[in-house]
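Beneath this line is the structure, given in structure tokens, with notes to follow.
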Amino acid sequence: EIIMLDEPAAGVDAHGRDELYDLLHELSADEYLSAIMVTHSARAINRTAEKIALIDGTVVAFGEPDELFESDHLMGLLGGHGPDGKADDT
């Protein structure tokens, strides 16, 4: 099964976001659910994604989160914020 989500944590408090991301992770692991999620949140990507398609008008990168968080282009699109939600000081 596939679920499509567009900014699912918008307007949700930190506790609610954590519960949502935990639920998505559990469902994808236990129920063989695939989720397609639109988000600008590095934290959401890091907590839920197995693969990322980076789209900037067209697909400019595709891969695993660890690999793509090393990308200057991805960091630029995320405003320099890494998977922990903090600005990248490097």
Side-chain angles (χ1 to χ4, degrees):
E1 294 186 41
I2 297 174
I3 185 171
M4 298 181 77
L5 306 159
D6 185 4
E7 299 286 354
V12 178
D13 67 16
H15 180 73
R17 280 192 307 267
D18 288 344
E19 287 186 354
L20 172 67
Y21 299 146
D22 288 345
L23 177 62
L24 287 173
H25 181 75
E26 288 174 28
L27 288 174
S28 65
D30 297 338
E31 303 294 329
Y32 304 101
L33 176 77
S34 295
I36 298 172
M37 180 169 52
V38 174
T39 186
H40 292 90
S41 167
R43 184 171 296 165
I45 294 166
N46 194 50
R47 289 197 57 187
T48 61
E50 291 180 20
K51 297 283 186 189
I52 300 171
L54 175 59
I55 301 171
D56 187 14
T58 185
V59 176
V60 296
F62 181 81
E64 297 178 8
D66 291 342
E67 171 188 334
L68 293 183
F69 275 114
E70 297 296 319
S71 162
D72 290 338
H73 191 83
L74 174 64
M75 295 304 289
L77 290 174
L78 292 171
H81 291 81
D84 58 0
K86 297 179 182 170
D88 183 13
D89 294 327
T90 59

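Nothing here was measured: the structure is a model prediction, and the numbers come from that model. Quick note: numbers below take in every heavy atom, side chains included, and nothing from hydrogens, waters or symmetry partners.
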Report yes or no: do I3 and M37 belong to one cluster of Ile/Leu/Val/Met/Phe/Trp/Tyr joined by side chain heavy-atom distances under 4.5 Å?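 They do share one cluster, since a chain of ILVMFWY contacts under 4.5 Å joins I3 to M37.
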
Reported [atom1]-to-[atom2] distance for the pair [X] and [Y], which is rounded to 0.5 angstrom:
{"X": "E26", "Y": "L23", "atom1": "CD", "atom2": "CG", "value": "6.5 Å"}
{"X": "E1", "Y": "L33", "atom1": "CD", "atom2": "CG", "value": "6.5 Å"}
{"X": "I52", "Y": "F62", "atom1": "CD1", "atom2": "CZ", "value": "9.5 Å"}

Show which side-chain atoms of residues 6-15 pair as donor or acceptor with protein atoms under 3.5 Å away, not counting sequence neighbours.
unit_1	atom_1	unit_2	atom_2	d
E7	OE2	H40	N	3.3
E7	OE2	H40	ND1	2.6
D13	OD1	H15	N	3.4
D13	OD1	G16	N	2.7
H15	NE2	E19	OE2	2.6

For the residue pair L5 and L24, establish whether any side-chain heavy-atom pair is separated by less than 4.5 Å.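 Of all side-chain heavy-atom pairs linking L24 with L5, at least one is under 4.5 Å.
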
Quick one: list whatever passes salt bridge (charged side-chain N to carboxylate O under 4.0 Å, His left out) with E64, sequence neighbours left out.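 Partners of E64 by the salt bridge (charged side-chain N to carboxylate O under 4.0 Å, His left out) criterion, ordered by chain and then number, come out as K51.
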
Residue pair P65 / A49: nearest heavy atoms and the distance that separates them: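 Nearest pair, atom of P65 first, then A49: CG-O, 3.3 Å.
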
Closest approach of I45 to T39 (non-hydrogen atoms, all atoms of both residues):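 Minimum heavy-atom separation between I45 and T39: CG1-CG2, 3.8 Å.
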
Would you say E67 has more than 12 foreign heavy atoms packed within less than 6.0 Å of its CD?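 Buried by this count: over 12 neighbours within 6.0 Å.
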
